[in-house]
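Here is the structure we will look at, set down as structure tokens.
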Amino acid sequence: MAKSSSIQKNKSRHKLIEKFSEKRKLLKSKVMDKSLSLEDRIMFQNKLNELPRNSSSIRHRNRCELTGRSRGVYRKFGLSRIKIRELSMTGNLPGVVKSSW
């Protein structure tokens, strides 16, 4: 089980990402717009830099929904590889069967 502080920190990052996503998207498009003058683009870049760091989507970490483990997490299930194995062996994941050939 991961530290609860790490899990809470990740949840607060996710809330910030949702809150600032539209504003960040707009500012990024303005920065990348080549038709604007360099001074305007620098101004938009400075506004983008003033946003909270944790509002960037790259700072969000995929974590297991059950344990909070940060590594080996499958996006399709939202679970770590260990929990997928445990749940599939007990038959609690529908549609997942052990392969054999």
Side-chain angles (χ1 to χ4, degrees):
M1 189 73 178
K3 292 191 331 186
S4 59
S5 61
S6 300
I7 296 170
Q8 289 301 326
K9 190 186 302 183
N10 204 38
K11 287 181 182 178
S12 66
R13 282 181 181 155
H14 190 66
K15 288 178 186 174
L16 275 176
I17 291 168
E18 289 176 351
K19 182 178 178 182
F20 287 101
S21 65
E22 290 300 319
K23 188 173 186 178
R24 185 172 280 277
K25 192 178 196 180
L26 177 71
L27 287 173
K28 276 189 175 186
S29 66
K30 298 271 187 181
V31 169
M32 299 304 281
D33 188 9
K34 302 289 185 186
S35 64
L36 296 175
S37 68
L38 185 61
E39 292 82 20
D40 290 338
R41 290 172 59 197
I42 290 173
M43 180 190 67
F44 287 124
Q45 180 66 48
N46 288 337
K47 286 184 180 180
L48 186 64
N49 289 339
E50 289 171 2
L51 294 178
R53 280 187 180 178
N54 285 334
S55 66
S56 175
S57 63
I58 198 71
R59 292 178 70 98
H60 182 262
R61 183 78 171 157
N62 288 339
R63 290 192 171 269
C64 176
E65 294 293 326
L66 299 178
T67 61
R69 182 180 168 88
S70 62
R71 296 182 179 213
V73 177
Y74 286 78
R75 291 181 186 168
K76 183 175 181 179
F77 299 104
L79 300 172
S80 68
R81 59 185 176 82
I82 298 164
K83 280 296 171 183
I84 287 178
R85 179 176 165 83
E86 288 176 4
L87 294 174
S88 62
M89 291 299 179
T90 59
N92 293 332
L93 279 180
V96 178
V97 293
K98 185 175 178 181
S99 65
S100 61
W101 59 90

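The structure displayed is predicted, hence computed values, not measured ones.
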Is the closest side-chain heavy-atom distance between [X] and [Y] below 4.5 Å?
{"X": "Leu87", "Y": "Leu79", "answer": "yes"}
{"X": "Thr67", "Y": "Ser80", "answer": "yes"}
{"X": "Lys34", "Y": "Arg41", "answer": "yes"}

Could you state whether [X] and [Y] fall into the same hydrophobic cluster, counting links through intermediate Ile, Leu, Val, Met, Phe, Trp or Tyr residues with side-chain heavy atoms under 4.5 angstrom apart?
{"X": "Leu51", "Y": "Ile17", "value": "no"}
{"X": "Leu16", "Y": "Leu48", "value": "yes"}
{"X": "Val31", "Y": "Met43", "value": "yes"}
{"X": "Ile84", "Y": "Leu66", "value": "yes"}

Considering only distance and modelled atom types, tabulate donor-acceptor pairs under 3.5 Å from the side chains of residues 1-10, sequence neighbours left out.
from  : atom 1 : to    : atom 2 : distance (Å)
Asn10 : OD1    : Arg61 : N      : 3.1
Asn10 : ND2    : Arg61 : O      : 2.6

Inset, instruction - Please collect all salt bridge (charged side-chain N to carboxylate O under 4.0 Å, His left out) contacts where either partner lies in residues 64-83, sequence neighbours excluded, each pair once. - result: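 For residues 64-83, and leaving out neighbouring residues, the salt bridge (charged side-chain N to carboxylate O under 4.0 Å, His left out) pairs sorted by first residue read Lys83-Glu86.
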
Inset, instruction - Mind jotting down which residue pairs meet the salt bridge (charged side-chain N to carboxylate O under 4.0 Å, His left out) criterion with at least one end in residues 87-101? Sequence neighbours excluded, please. - result: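 Residue pairs with at least one partner in residues 87-101: there are none.
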
Inset, instruction - Compute whether any side-chain donor of one residue and acceptor of the other, for Gln45 and Asn49, lie under 3.5 angstrom apart. - result: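 Note: Gln45 and Asn49 side chains meet the donor-acceptor criterion.
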
Could you tell me the separation between the [atom1] atom of [X] and the [atom2] atom of [Y], rounded to the nearest 0.5 Å?
{"X": "Arg13", "Y": "Glu18", "atom1": "CZ", "atom2": "CD", "value": "15.0 Å"}
{"X": "Glu22", "Y": "Lys25", "atom1": "CD", "atom2": "NZ", "value": "5.5 Å"}
{"X": "Lys19", "Y": "Lys15", "atom1": "NZ", "atom2": "NZ", "value": "11.5 Å"}

Inset, instruction - Determine which pairs satisfy ring pair (Phe, Tyr, Trp, His ring centres under 6.0 Å) with at least one residue from residues 64-88, sequence neighbours left out, and list them in order. - result: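 Matches after skipping sequence neighbours: none remain.
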
Inset, instruction - Return each pair, listed once, that meets ring pair (Phe, Tyr, Trp, His ring centres under 6.0 Å) where at least one residue sits in residues 8-34; pairs must be two or more places apart or across chains. - result: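 Qualifying pairs, neighbours excluded: His14-His60.
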
Legend entry - Heavy-atom pair with the smallest gap, counting every atom of Ser35 and Asp33: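 It is OG-OD1, 2.9 Å.
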
Inset, instruction - Would you please name every residue forming a side chain to side chain donor-acceptor pair (under 3.5 Å) with Ser55, sequence neighbours left out? - result: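 By the side chain to side chain donor-acceptor pair (under 3.5 Å) rule, Ser55 matches Arg24.
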
